[in-house]
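Residue numbers begin at 1 in each chain, while the letters A, B, ... track the order of the sequences. Computed from a prediction, not measured in an experiment: that's the story for all the values here.
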Protein chains: 2
Amino acid sequence: MATRTRTNTRERILETAERLILTNGYAATSVDRIITGVGITKGAFFYHFKTKNDMARALIRHYADLDLARLDEYATRAWALSSDPLQSLLVFIGLYQEMVAGMTDENPGCLFASFCYESGQFDDEVLQTLDDVIIAWRERIADWLREAAAAHPPVRPVDLDSLADMLTVVFEGAFVVARSTRSPGVFAEQLQHYRQYLELLFDA
Amino acid sequence: MATRTRTNTRERILETAERLILTNGYAATSVDRIITGVGITKGAFFYHFKTKNDMARALIRHYADLDLARLDEYATRAWALSSDPLQSLLVFIGLYQEMVAGMTDENPGCLFASFCYESGQFDDEVLQTLDDVIIAWRERIADWLREAAAAHPPVRPVDLDSLADMLTVVFEGAFVVARSTRSPGVFAEQLQHYRQYLELLFDA
DNA sequence: CTATCTATACCAACCGGTCAGTATAGGTTA
DNA sequence: TAACCTATACTGACCGGTTGGTATAGATAG
């Protein structure tokens with residue numbers, strides 16, 4: 001018989017938890033609600049995770065890994081599409097526009113922002129992960145911007161670190177506006193503005 | 001004895017609740033923690049609010065009122081400082097930069113974003129308030145931008161509604177990055193970028 | 001007298017977490 | 001080939017504590 005040894009219950013817990021946390025928040029997402037959603041019992045949950053906070057740690061780690069992997073992937077694709085640093089960065093942002101345009105999720109959101117607004121409930125390891133990811137984006141995009149600035153001097157003096165941060169800022173802010181107004185289109189629009197800001201700044 | 005005739009207990013509940021919610025989230029902020037923080041009893045809390053959710057409703061309403069009142073105040077001041085629509089808008093953003101520069105709060109945050117990421121716990125009235133405030137900002141800034149665009153034609157075709165949204169986006173996004181990285185300076189930097197984008201776009 | 005509380009006690013529902021036990025598959029040994 | 005052992009992946013009942021909320025009696029102050 002088809003042995004269901006490959007149950008991947010752990011992953012299903014993580015998936016369900018993420019979805020529930022994104023709409024209700026972490027504290028309001030009880031272990032009971034998660035296990036009901038997955039269709040398992042409490043014992044199974046605590047077999048995979050020592051505590052609920054242990055799950056939070058795994059969840060944010062998993063989310064961060066996916067996020068940074070996609071950053072890598074899109075960066076590689078963007079550089080393949082254009083060898084000019086500014087153009088490839090604009091293409092990179094375009095790839096994210098494509099991605100969010102195809103978003104079907106009824107209740108989109110970012111786990112980083114969700115956790116950040118309930119930070120009092122998490123240990124330093126979880127909080128450090130949030131910081132790490134934001135810094136990783138900052139450094140990656142700032143390096144890119146420095147290359148772009150070398151090739152296309154900006155028309156105004158500009159701090160490239162905060163300009164790099166602005167991409168994260170636009171992402172996180174767009175999530176809030178998109179959710180509150182229930183209009184997912186906000187996302188692509190805001191990325192488009194960021195892109196246009198770069199074009200004007202570097203005279204593309 | 002010095003009885004607390006100077007009661008305004010209701011406001012103190014709201015203040016304490018806001019502070020606690022901003023660090024722990026709504027669900028994790030129990031009524032017990034609030035009353036301990038204020039220094040009152042449970043009876044007093046439920047004398048002022050029928051339910052915890054009733055308090056949430058009052059809190060977001062109060063927050064929205066303050067937010068929109070400040071929007072009005074800063075807009076008036078900005079128009080007083082410059083009669084040119086574009087310049088006054090830039091001054092308006094500058095006033096917000098001033099405000100956030102003087103922020104002493106150890107854990108800054110926006111109640112709208114906090115509630116938005118726990119939306120599953122609130123009724124439609126609360127959620128509608130979030131939407132209302134965002135739409136109010138959009139319309140107010142978009143009108144301003146239309147005046148600015150009439151006087152200073154944008155160097156590129158641009159959607160003014162989403163450009164107006166971008167101010168809210170930058171605010172909300174900056175909160176997330178500032179909190180996660182524990183660097184309140186993010187705020188003024190990001191507003192500066194938004195300002196510079198407008199300058200480039202309208203050729204100021 | 002009314003508004004605004006304090007103090008104490010209580011409730012049912014739910015919370016995160018524990019525990020003993022079960023089912024099953026795959027070695028290892030005699 | 002049967003007996004035994006181990007590891008993995010659970011089930012389902014249960015625990016003490018916390019939750020939002022109620023009830024009631026009384027104090028204080030204008």
Nearest whole Å is fine: how far is [N] [atom2] from [X] [atom1]?
X	N	atom1	atom2	result
R10(A)	dA9(D)	CZ	P	11 Å
M55(B)	dG20(D)	CE	P	9 Å
K52(A)	dT18(C)	NZ	C1'	17 Å
H48(B)	dG20(D)	NE2	P	18 Å
I13(B)	dT6(C)	CD1	C1'	14 Å
I35(A)	dC14(D)	CD1	P	16 Å
F46(A)	dC15(D)	CZ	P	17 Å
D32(A)	dA13(D)	CG	C1'	13 Å

Margin query: Angle between ring planes, F92(A) versus Y96(A), binned at 30° and 60°: parallel, tilted or perpendicular?
Written below: perpendicular
Note to self: I want to check one thing: is the phosphate of dC5(C), taken as OP1 and OP2, less than 4.0 Å away from some side-chain N or O of T9(B)?
What the structure shows: yes
Check: Under 4.0 Å between a side-chain N/O of Y47(A) and OP1 or OP2 of dC10(D), yes or no?
Finding: no
Item checked: Polar side-chain contact K42(A)-dG12(D) base: donor and acceptor under 3.5 Å ->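 Answer no: no donor N or O sits under 3.5 Å from an acceptor.
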Check: Among Y117(A), F115(A), F112(A), which residue meets the ring-ring contact (aromatic ring centres under 6.0 Å, His included) test with F122(A)?
Finding: F115(A)
Margin query: Tell me which pairs pass salt bridge (charged side-chain N to carboxylate O under 4.0 Å, His left out) where either residue lies in residues 110-126 of chain B, with sequence neighbours left out.
Written below: R57(B)-D123(B), R57(B)-E125(B)
Notebook entry, point to check: Which is true for S30(A) with a 4.0 Å heavy-atom rule: it touches a base, it touches only sugar-phosphate, or it touches nothing?
Noted result: sugar-phosphate
Next item on the list: Go through dC5(C), dG17(C), dC10(D) for me and flag the one nearest to the T41(A) side chain.
Entry: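 Selected nucleotide: dC10(D).
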Residues 32-42 of chain B side chain polar contacts: donor-acceptor under 3.5 Å, at least two apart:
{"from": "T36(B)", "atom 1": "OG1", "to": "D32(B)", "atom 2": "O", "distance (Å)": "2.8"}

